[in-house]
Engineer: 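Pasting a structure below so you can have a look.
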Amino acid sequence: MPMPLQHGLKFDQARDSIARQDFVIGLRRYVLNDLAAAMRRRYDDQVLPAFERRNGRPFADQDEIHAAMVGNTTFQFYSAARYNAQEMSWRSVIPEVASHLGEIEAKAGALAEAPRGSLELDPSLELPENVTELDVHLMPGGYESKHELLAGSVYDNGLTVFSAGMFGPHIDDIGQSFAHYVLERFPDFKPKAIVDCGCTVGHNSVPWAQAYPEAEVHGIDVASASVRYAHARAESMDVAVHFHQMDATEMTFADESMDLIVSAQFLHELSIKDTRKYLAECHRVLRPGGMVITMELAPARYMAAYDCFYLDWDSYYNREPFYRAFRNADAAELGAGAGFAKDKYFEFVVPQYTRTDPAEFARQVGVPLSLEGYSGQIRDTISYFGFGLIK
Ligand SMILES: C[S@@+](CC[C@H](N)C(=O)[O-])C[C@H]1O[C@@H](n2cnc3c(N)ncnc32)[C@H](O)[C@@H]1O
């Protein structure tokens with residue numbers, strides 16, 4: 001069953017919609033676990049030995065594996081099933097969101113009457129092509145919508161299906177895990193101003209405000225539909241976050257005005273050119289001693305070629321064109337290009353805060369980087385890769 005949302009913008013769904021969502025969750029689990037395992041067996045038993053016989057060597061990299069797998073029927077079946085399951089994740093929630101828009105709007109309107117945080121829109125902002133020209137991860141219409149709350153609610157509800165409960169009822173486990181990682185690893189760091197970039201519906205911005213109640217927390221996104229929804233969502237949870245429609249590659253914050261700049265699953269949706277601009281902006285906006293903390297896909301250099309091929313699927317078939325280039329890039333180099341000293345770059349792996357005993361979480365914050373348990377599968381517990389830059 002999808003884990004129902006628990007904040008104030010939730011609405012009651014018809015039983016057949018919940019059954020449809022449950023089916024999609026089961027289908028995705030089957031594709032990402034069982035079919036993916038079958039594909040791996042086919043690779044080990046047939047595709048790799050055939051390539052070695054023909055070429056006298058194993059595959060050199062993920063691209064050679066992709067070229068060989070494209071013609072393989074197991075890959076084709078896996079890929080078609082995964083593509084359809086991805087589309088179905090969104091389709092399983094859209095009719096319900098569409099029929100409840102009036103209710104969502106009324107709730108958002110009431111919540112805006114006495115806000116703890118704020119909302120700042122910029123109708124003159126030119127939206128970047130990575131948002132206007134792509135239905136990223138096959139989400140119909142992408143992050144922006146003419147109806148102000150539609151795209152936000154589709155994302156919020158669709159993510160509960162897509163994540164199959166892995167991120168908890170507020171789908172905020174990533175934010176919780178990274179905020180508690182910073183609290184644990186840098187106990188003397190007391191940020192007064194924090195910004196979450198590419199925040200979408202603010203689900204992972206809220207945990208920073210909860211972890212650092214003394215700080216002023218901002219969430220920025222270029223899509224107005226996302227930040228409007230994010231604002232109402234955070235208000236409904238009684239958490240003060242200041243949302244802005246803003247381009248993270250051209251922030252309007254003053255120089256040296258932030259202590260901590262965070263993002264989750266954001267950079268892989270930017271081109272490398274925009275990632276460079278974003279990091280240069282982080283360097284400008286951060287105070288000396290301030291930090292960038294980024295949750296992202298693990299770099300290709302730590303993974304076997306087959307695992308890279310497996311993760312590249314999103315780049316080829318899930319409208320995430322920059323995903324692959326981001327994983328192949330060197331974040332320390334990108335940071336250095338933006339002015340961050342290379343010896344102030346660090347990487348880490350974080351367990352799921354909401355599913356890990358606090359003492360065990362604290363222990364794991366101290367252990368060296370290990371990507372064991374990092375996979376594209378749906379499991380009971382997963383771990384997240386992150387990197388940091390200190391100004
Ligand atoms: C994958 S979503 C991020 C998800 C979210 N941070 C999370 O924790 O799950 C990427 C978001 O970045 C936004 N975005 C893309 N380009 C941007 C830019 N240049 N500046 C600000 N936001 C941007 C998109 O509108 C979208 O909401």
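Fair warning: this is a prediction, and the values are worked out from it, not measured in the lab. What's counted below: heavy atoms across the whole structure, side chains too, no hydrogens, waters or symmetry copies. Note that ligands are numbered from 1 as they come in the structure, with each ligand's atoms numbered from 1 the same way.
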Engineer: Is there a polar contact, in the sense of an N or O pair closer than 3.5 Å, between C197 and ligand 1?
Structural biologist: no

Engineer: Under 4.0 Å from a heavy atom of D247: which atoms of ligand 1 are those, numbered in the order shown and with their elements?
Structural biologist: 18 (C), 19 (N), 20 (N)

Engineer: Using a plain distance cutoff, I'd like to know if D221 has any nitrogen or oxygen under 3.5 Å from a nitrogen or oxygen of ligand 1.
Structural biologist: yes

Engineer: Give the intermediate values and the outcome of salt bridge (charged side-chain N to carboxylate O under 4.0 Å, His left out) for residues D63 and R324.
Structural biologist: CA-CA 11 Å; D63 297 336; R324 188 174 165 283; 2.5 Å; yes

Engineer: Classify the contact between F178 and ligand 1 as side chain, backbone, both or neither, using a heavy-atom distance cut-off of under 4.0 Å.
Structural biologist: neither

Engineer: If we set the cut-off at 4.0 Å for heavy atoms, which region of L159 has an atom near ligand 1: side chain, backbone, both, or neither?
Structural biologist: neither

Engineer: Should the pair E281-K277 be classified as a salt bridge under the 4.0 Å nitrogen-to-oxygen rule?
Structural biologist: no

Engineer: Excluding sequence neighbours, so at least two apart, what forms side chain to side chain donor-acceptor pair (under 3.5 Å) with D34?
Structural biologist: none

Engineer: Numbering the atoms of ligand 1 from 1, which are under 4.0 Å from a heavy atom of M246?
Structural biologist: 20 (N), 21 (C)

Engineer: If you count every heavy atom of other residues, nucleotides or ligands that lies below 6.0 Å from E126 atom CD, does the total exceed 12?
Structural biologist: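 No, CD of E126 has 12 or fewer neighbouring heavy atoms, counting only those of other groups under 6.0 Å.
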
Engineer: Using heavy-atom distances only, which candidate in Y278, F266, F167, Y155 approaches atom 17 (C) of ligand 1 most closely?
Structural biologist: F266

Engineer: Report, in ascending order of atom number, the atoms of ligand 1 lying under 4.0 Å from any heavy atom of V222.
Structural biologist: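 In order of number, 14 (N), 17 (C), 18 (C), 20 (N), 21 (C), 22 (N), 23 (C), 25 (O).
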
Engineer: List the steps and the verdict of salt bridge (charged side-chain N to carboxylate O under 4.0 Å, His left out) for E64 and R57.
Structural biologist: CA-CA 12 Å; E64 277 193 353; R57 62 171 176 84; 3.0 Å; yes

Engineer: Provide the number and element of each atom of ligand 1 under 4.0 Å from a heavy atom of E269.
Structural biologist: 1 (C), 2 (S), 10 (C)

Engineer: Any N or O on N204 sitting closer than 3.5 Å to an N or O of ligand 1?
Structural biologist: yes

Engineer: Tell me whether ligand 1 is touched by I174 - counting only heavy atoms on the residue side and a distance under 4.0 Å.
Structural biologist: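 It does not; every heavy atom stays at 4.0 Å or beyond.
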
Engineer: Salt-bridge test for R82 and D314: reply yes if a basic N is under 4.0 Å from a carboxylate O, no otherwise.
Structural biologist: yes

Engineer: What atoms of ligand 1 come closer than 4.0 angstrom to any heavy atom of A264?
Structural biologist: 3 (C), 4 (C), 5 (C), 6 (N), 7 (C), 8 (O)

Engineer: For atom 3 (C) of ligand 1, tell me which residue out of T200, I171, L127, D172 has the closest non-hydrogen atom.
Structural biologist: T200

Engineer: Given H244, H203, Q245, Q265, identify the one with the heavy atom nearest to atom 9 (O) of ligand 1.
Structural biologist: H203

Engineer: Group every Ile, Leu, Val, Met, Phe, Trp and Tyr by side-chain heavy-atom contacts under 4.5 Å, then state whether F322 and M303 land in the same group.
Structural biologist: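 They do not share one cluster, since no chain of ILVMFWY contacts under 4.5 Å joins F322 to M303.
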
Engineer: Does an N or O from A223, backbone or side chain, lie closer than 3.5 Å to an N or O of ligand 1?
Structural biologist: no

Engineer: Could you tell me whether N130 approaches ligand 1 through its side chain, its backbone, both or neither, with non-hydrogen atoms closer than 4.0 Å?
Structural biologist: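 Contact part for N130 vs ligand 1: side chain (C-beta onward).
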
Engineer: Kindly write out the residues that satisfy side chain to side chain donor-acceptor pair (under 3.5 Å) with D196, not counting sequence neighbours, or none if the list is empty.
Structural biologist: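 D196 satisfies side chain to side chain donor-acceptor pair (under 3.5 Å) with S205 once adjacent residues are dropped.
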
Engineer: Any luck finding a side-chain donor-acceptor pair between H268 and E296 under 3.5 Å?
Structural biologist: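 Note: H268 and E296 side chains meet the donor-acceptor criterion.
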
Engineer: Give a yes or no on whether a salt bridge exists between R301 and E347, defined as a side-chain N under 4.0 angstrom from a carboxylate O.
Structural biologist: yes

Engineer: Is the NZ or CZ atom of R185 positioned over F346's six-membered ring, under 6.0 angstrom from the centre and within 45° of the axis?
Structural biologist: yes

Engineer: H268 versus ligand 1: do any nitrogen or oxygen atoms come within less than 3.5 Å of each other?
Structural biologist: no

